[in-house]
Amino acid sequence: MNDIALDRRMLSAVTPRQAVQVAVKVWFILATVGHWLFLAYILAVFYPPVAEHGIRALQGSHLPGGFVEGDTLGNLASIGHVLLAAIVIGGGPLQLVPAVRTRFPSFHRWLGRSYLLAAVTSAGFGLYMTWTRSPLGDLISKIGITTDGVLIIVFAALAVYHAAARRIAEHRRWALRLFMVASAVWFFRVGLMGWVLLTGGVGIDWEPFTGPFLYVLGFAQYLLPLAMLEWYFHCQRGSSTGNQMAFIGTLSLLSVYMGLGIFTATTGMWLPRM
């Protein structure tokens, strides 16, 4: 009985703000694992063939429009987009780990510079590919991708601007926003595979890769993470207990969905191709 009473007192001592932090940490750990599984896929599937055969290795790859004979600029954009994705997907979560920032400040700064450069360059390549050679999707799909690419460039510029002005708190907020939009390619895959697992692919026309769900996901892949991030900032500033509990419940549901998507993407897409 005493142990039970002690456990209840310990639980009651946890404030809503602390519970918010726990929910965010659980989400971040899960997202980091998912990012690094995707990183393993990129490194295993694309890097060895490119190292051995050069840009022609993208011919017949799983990258839509990866190699087009005679299109030098487009081929360079394709290979640059893929290879730089390793820095964006692998370095993003690592850049947000507080222990890395405090214990290895020089590494944090150089990784941050590499991440910013890779994210902006990859976004530029992605925009070029979207409007010149992407065989999938339609105008709505391209607008969704383009909006994400523009946000990556803008958020990166704002993160650099505030860092240069030594406004570290603002810099970190914009860096977090950049992480959300730069990881949209990962959110898209996880969101897609989670939906396929739960519904079998309702709202998806696979041949042209269009449909109501894909239209929603094309914008939700970055707008939803951004919305949750802004909600988290509001909770940090000291919102009501009800608002914090609503945030915890929403993030917990999204974390479960994300976990299902990570599992399905890993077992259904990434591992079979590695």
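Counting begins at 1 with the first residue of the sequence.
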Item checked: Same apolar cluster: V20 and V22, side chain cutoff 4.5 Å -> no
Next item on the list: Taking all non-hydrogen atoms of both residues into account, name the closest pair between I145 and L127 and its distance.
Entry: O-CD2, 4.3 Å
Item checked: Side chain to side chain, L192 and F213, heavy atoms closer than 4.5 Å -> yes
Item checked: Spacing of CG belonging to L116 relative to CD1 belonging to I152, to within rounding of 0.5 Å -> 11.5 Å
Checklist line | Donor-acceptor contact present, side-chain S240 to main-chain N243, <3.5 Å | finding: yes
Item checked: Side chain proximity check, L214 to F188, heavy atoms < 4.5 angstrom -> yes
Check: With the 4.5 Å side-chain cut-off for hydrophobic clustering, are V45 and Y47 part of the same group?
Finding: yes
Next item on the list: Please check if the side chain of H35 supplies one atom and the backbone of A31 the other of a donor-acceptor pair under 3.5 Å.
Entry: yes
Notebook entry, point to check: How far apart are the C-alpha atoms of L84 and F125, what are their side-chain angles, what is the distance that settles it, and do they pass the side chain to side chain contact (heavy atoms under 4.5 Å, CB included) test?
Noted result: CA-CA 10 Å; L84 290 173; F125 287 153; 4.2 Å; yes
Notebook entry, point to check: Would you call the rings of Y41 and F46 parallel, tilted or perpendicular if under 30° counts as parallel and over 60° as perpendicular?
Noted result: perpendicular
Checklist line | Exercise: identify the closest heavy-atom pair between Y222 and A184 | finding: CB-CB, 4.1 Å
Item checked: Reported OG1-to-CD1 distance for the pair T267 and I262, which is rounded to 0.5 angstrom -> 11.5 Å
Check: Can you tell me how far the CZ atom of F28 sits from the OG atom of S255, to the nearest 0.5 Å?
Finding: 12.5 Å
Notebook entry, point to check: What orientation do F38 and W270 show, parallel under 30°, tilted 30 to 60°, or perpendicular over 60°?
Noted result: parallel
Checklist line | Closest approach of T102 to A99 (non-hydrogen atoms, all atoms of both residues) | finding: OG1-O, 3.3 Å
Notebook entry, point to check: Checking side chain to side chain contact (heavy atoms under 4.5 Å, CB included) against I143, which of I140, T146, L139 comes through?
Noted result: L139
Next item on the list: Would you check, one step at a time, whether the test side chain to side chain contact (heavy atoms under 4.5 Å, CB included) holds for W231 with T250?
Entry: CA-CA 11 Å; W231 195 358; T250 304; 3.6 Å; yes
Note to self: Rounded to the nearest 0.5 Å, what separates atom SG in C235 from atom CE in M245?
What the structure shows: 10.5 Å
Notebook entry, point to check: So which of Y161, F233, F155 actually passes ring-ring contact (aromatic ring centres under 6.0 Å, His included) with W174?
Noted result: F155
Item checked: ILVMFWY network linking L30 to L224, side-chain heavy atoms under 4.5 angstrom -> yes
Check: Side chains of L94 and F107: closer than 4.5 Å at any heavy-atom pair?
Finding: yes
Notebook entry, point to check: Do H162 and R172 come close enough that some side-chain heavy atom pair is under 4.5 Å?
Noted result: no
Next item on the list: Identify the residue among R113, R101, Q95 that makes a side-chain hydrogen bond (donor to acceptor under 3.5 Å, both in side chains) with H108.
Entry: Q95
Next item on the list: Show your working on side chain to side chain contact (heavy atoms under 4.5 Å, CB included) between I248 and S252 and close with a plain yes or no.
Entry: CA-CA 6 Å; I248 293 169; S252 297; 4.0 Å; yes
Check: Which heavy-atom pair separates Y215 from S141 by the least distance, and what is that distance?
Finding: CE2-OG, 4.1 Å
Next item on the list: Supply the atom-to-atom distance L197 CG to T264 OG1, rounded to the nearest 0.5 angstrom.
Entry: 4.0 Å
Next item on the list: Evaluate the side-chain proximity of Y257 to L198: yes if any heavy-atom separation is below 4.5 Å, no if none is.
Entry: yes
Next item on the list: Identify, with sequence neighbours excluded, every residue that meets salt bridge (charged side-chain N to carboxylate O under 4.0 Å, His left out) alongside R173.
Entry: E170
Next item on the list: Could you tell me whether the side chain of F104 reaches within less than 4.5 Å of the side chain of L111, counting heavy atoms only?
Entry: no
Check: Has the side chain of W186 got a donor or acceptor atom that lies under 3.5 Å from a matching backbone atom of G34?
Finding: yes
Notebook entry, point to check: Under a 4.5 Å side-chain heavy-atom rule over Ile, Leu, Val, Met, Phe, Trp and Tyr, are V120 and V88 clustered together?
Noted result: no
Check: Do you know the tightest heavy-atom contact between F219 and T147?
Finding: CE2-OG1, 4.4 Å
Notebook entry, point to check: Measuring from L178:CG to L158:CG, what's the distance to the nearest 0.5 Å?
Noted result: 10.0 Å
Next item on the list: For residues M274 and L271, determine if any side-chain heavy atom of one lies less than 4.5 Å from a side-chain heavy atom of the other.
Entry: yes
Notebook entry, point to check: Would you call the rings of W27 and F187 parallel, tilted or perpendicular if under 30° counts as parallel and over 60° as perpendicular?
Noted result: parallel
Item checked: Considering all heavy atoms, the nearest L229-M180 contact -> CD2-CG, 4.1 Å
Check: Going hydrophobic residue to hydrophobic residue with side-chain gaps under 4.5 angstrom, can you get from V216 over to L223?
Finding: no
Check: Just wondering, more than 12 heavy atoms not from W131 lying within 6.0 Å of its CH2?
Finding: yes
Item checked: Side-chain touch Q236/Q244, heavy atoms, less than 4.5 angstrom -> no
